[in-house]
Trainee: 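Sharing a structure, written as structure tokens. Questions coming.
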Protein chains: 2
Amino acid sequence: MSSDETDGGREGSIAHRVPDLGALELLLAVARLGSLGGAARELGITQPAASSRIRSMERQLGVALVDRSPRGSRLTDAGALVTDWARRVVEAAAAFDAGAQALRHRRDSRLRVAASMTIAEYLLPGWLLALRSQRPDTAVSLLAGNSTTVAEQLLSDEADLGFVEGLSVPPGLDSTVIAHDHLIVVTAPTHPWARRRRPVPATELASTPLILREKGSGTRQVLDAALGGLARPLIELSSTTAVKASAVSGAGPAVLSELAVGEELSTRRLVRIPVEGLTLARDLRAVWPTGHRPTGPARELLSLTRG
Amino acid sequence: MSSDETDGGREGSIAHRVPDLGALELLLAVARLGSLGGAARELGITQPAASSRIRSMERQLGVALVDRSPRGSRLTDAGALVTDWARRVVEAAAAFDAGAQALRHRRDSRLRVAASMTIAEYLLPGWLLALRSQRPDTAVSLLAGNSTTVAEQLLSDEADLGFVEGLSVPPGLDSTVIAHDHLIVVTAPTHPWARRRRPVPATELASTPLILREKGSGTRQVLDAALGGLARPLIELSSTTAVKASAVSGAGPAVLSELAVGEELSTRRLVRIPVEGLTLARDLRAVWPTGHRPTGPARELLSLTRG
DNA sequence: CAGAGACATAAACTGGATTTATGAGCAGTG
DNA sequence: CACTGCTCATAAATCCAGTTTATGTCTCTG
């Protein structure tokens, strides 16, 4: 009779243990406004609804989150911490929303973006959020693909602005570098390489079977070029996620964009392995049809992606 | 009559535009297992429930997410992208859950952790997740405070392991450095400093009014020490979040831990300002009462926090 | 051609969140 | 000192979304 859960230890889904997004958003509003009623008003619900939602969230978490008083509500210490954690969930949800909005092509879209997968996955939602906060009325549509399809979209005027991550710029396009990406070698913390003191020499990397993206992917191209076409696959997988999962499970060393593994590194599910004598850098570029300099919303978005 | 929403342009809450956590989790399971029914089984619901949930998510987003066939379901291209974004939301929710679980003190906790705010906010949830995946049965309780309260908790045997981020180790405690943190100067992209080409000299930083945490906070101590006690507050705020919000709104330059602003930097809500002639580094340390080397679960957690 | 697996559809059920309506505590004001 | 305005709490009725149960359709396989 530890508490109330009768799950009997089955892990179950986290959705049952985490308040829903509406509740988290409400908590943020309460934190910001210092009032349940005010927060309710902002979210377009009634005050009793807000009151009961916060209360059931407190019941669910087993912690008092707000100090209610007749002249307002303030977060408890635990509430402040929970709110900070909640903010991260809500921000991830906002990025999801920005991306999802762009995915459904609408004819009235003012800005049609084509992006390669890594950029669409990790960077674009953030840019779209920033764009939305500057120009709330700009409807954006997104087409994700590889460098080739991005080029096709641009040249056939099905997209206004593109983003690619390859080594070279597809012909017929102008480009500007917007950021740099580094490929890094990672392993599970249990892998022998994770205990090495010295960097792994490039030659050893080239002779070690690695978990890799499939041949032809942007990631693979960069690695093959840096190693001189020598990369040895232990497994070839068709998505970044699959590569990560495989590396986390300890199958071997993987080569991935640092964009893809931020979370895993900070939670120690993966460890970065220094490599000597090898620079696995690539440029992230914005591209557009030669001559057609981005204007209007495209220029706006472009300016968000650079310093 | 753009589509179906009758909100008339009011921003509304994102919770109505983003599928709930259960649906996102279900989508991840479908992606992993390649089957609606299989995913349903894993989450402990029936197949029709899963089918209808995915369908309503597709309706909500206006995009087909899975290709159903009589021999399984595979993600569409858009579905793969959405799934990647969903994964980030679910991971944030899992971190929330790990933190929240630890917040309700349970008497049967095997491991009692005391941590200063920045660490509790940004790093601990990840560590707890990792710990949970290694030792699912370790019940952890968390007490958040400043360096002083962490020391008190440890010395009065109300905590087994502590984490602090100050410049010095409180007396009576042994410690080990687990990571390094850098304070950085940030402004809104609209701030004049964001357009400078050259780094800001330390002397100019010292003479410029800054948005700062209150005197006595770990962040402030480091800055004052580095500048020789000269930091000039433009405003003093009592939470990292408040400082960030103030900086984002363009009030002025702020000094914050780089842990706190990762999201804001990548979405360009804030811009990092290089500073010359000043190192704003601090160590993050695990601490324990002198002599009482961490053992058992505490040792386990400690080993997760280091390379 | 039968069996297994995977998804779709329809109808009834269930529970939790919301609204409406009302009460009560605390502060500032004339 | 009572009035006004803010806050939050409580109770009862309502409503909707997700779920289950039961069944049908399709495809591949042996």
Side-chain angles (χ1 to χ4, degrees), chain A residues 4-7 10 12-61 64-76 79 86, chain B residues 4-7 10 12-61 64-76 79 86:
Chain A
D4 51 335
E5 314 268 333
T6 58
D7 287 348
R10 199 188 317 120
S13 61
I14 63 162
H16 296 138
R17 292 182 294 184
V18 177
D20 63 76
L21 286 170
L24 298 182
E25 220 177 345
L26 175 62
L27 181 62
L28 295 187
V30 171
R32 183 154 31 82
L33 301 172
S35 151
L36 288 185
R41 234 169 294 131
E42 181 173 276
L43 298 184
I45 59 176
T46 59
Q47 171 266 318
S51 180
S52 119
R53 245 182 125 121
I54 295 282
R55 187 170 298 284
S56 70
M57 181 158 45
E58 289 176 315
R59 194 159 12 91
Q60 182 180 17
L61 300 179
L65 299 174
V66 304
D67 269 335
R68 304 127 209 267
S69 86
R71 61 181 200 286
S73 296
R74 286 188 50 74
L75 294 178
T76 62
Chain B
D4 52 332
E5 314 267 333
T6 59
D7 287 349
R10 204 191 309 119
S13 61
I14 64 163
H16 296 138
R17 292 182 294 184
V18 177
D20 62 76
L21 287 169
L24 298 182
E25 224 177 342
L26 174 63
L27 180 63
L28 295 185
V30 171
R32 184 156 28 82
L33 301 172
S35 150
L36 288 185
R41 235 169 291 130
E42 181 174 276
L43 298 184
I45 60 177
T46 59
Q47 172 265 318
S51 181
S52 116
R53 239 172 125 98
I54 294 283
R55 188 170 297 285
S56 69
M57 181 158 46
E58 289 177 316
R59 195 159 12 92
Q60 182 181 16
L61 299 180
L65 299 174
V66 304
D67 268 336
R68 304 125 209 265
S69 87
R71 63 182 202 283
S73 296
R74 286 189 50 72
L75 293 179
T76 62

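Keep in mind the model is a prediction, meaning the values are calculated, not measured. Naming: A, B, ... by sequence-line order, numbering from 1 per chain.
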Trainee: Kindly point out which of dC26(C), dA8(C), dA9(D) is positioned nearest to the side chain of Pro70(A)?
Mentor: dC26(C)
Trainee: Do the side chain of Gln47(A) and the main chain of Gly38(A) share a donor and acceptor less than 3.5 angstrom apart?
Mentor: no
Trainee: Just the rounded figure in Å: distance from P of dC26(C) to CG of Asp67(A).
Mentor: 15 Å
Trainee: Does dA27(C) have OP1 or OP2 under 4.0 Å away from a side-chain N or O of Arg71(A)?
Mentor: yes
Trainee: Between Glu58(B) (side chain) and Ala64(B) (backbone), is there a donor-acceptor pair under 3.5 Å?
Mentor: no
Trainee: Looking only at heavy atoms, what is the nearest atom pair of Gln60(B) and His16(B), with distance?
Mentor: NE2-O, 3.0 Å
Trainee: At under 4.0 Å between heavy atoms, what does Arg41(A) touch on the DNA or RNA strands: base, sugar-phosphate, or nothing?
Mentor: sugar-phosphate
Trainee: Under 4.0 Å from OP1 or OP2 of dA6(C): is there any side-chain N or O of Arg68(B) that close?
Mentor: no
Trainee: Answer yes or no: is there a donor N or O on one side and an acceptor on the other, between the side chain of Ser73(B) and the main chain of Val66(B), under 3.5 Å?
Mentor: no
Trainee: Counting only side-chain N and O atoms of Ser69(B), is one of them less than 4.0 Å from OP1 or OP2 of dT27(D)?
Mentor: no
Trainee: Send over the distance from Leu33(B) CG to dA6(C) P, rounded to a whole Å.
Mentor: 11 Å
Trainee: Does anything in residues 23-36 of chain A form a side chain to side chain donor-acceptor pair (under 3.5 Å)? List the pairs, not counting sequence neighbours.
Mentor: Arg32(A)-Glu42(A)
Trainee: Does the side chain of Leu61(A) come within less than 4.5 Å of Leu65(A)'s, by heavy atoms?
Mentor: yes
Trainee: Roughly, in whole Å, what's the span from CG in Leu26(B) to P in dC7(C)?
Mentor: 11 Å
Trainee: Is Ser73(B) close enough to dC7(C) that one of its side-chain N or O atoms is under 4.0 Å from OP1 or OP2 there?
Mentor: yes
Trainee: Could you check whether any side-chain N or O of Ser13(A) sits under 3.5 Å from a backbone N or O of Leu43(B), counting only pairs where one atom can act as donor and the other as acceptor?
Mentor: no
Trainee: Send over the distance from His16(B) NE2 to dT18(C) C1', rounded to a whole Å.
Mentor: 11 Å
Trainee: How would nucleotides 15-22 of chain D be written as a contact map, 5' to 3', with B for base contact, S for sugar-phosphate-only contact and - for no contact, using protein heavy atoms under 4.0 Å?
Mentor: ---SBBBB
Trainee: Please state how far atom CZ in Arg59(A) lies from atom C1' in dG16(C), giving the value in whole angstrom units.
Mentor: 10 Å
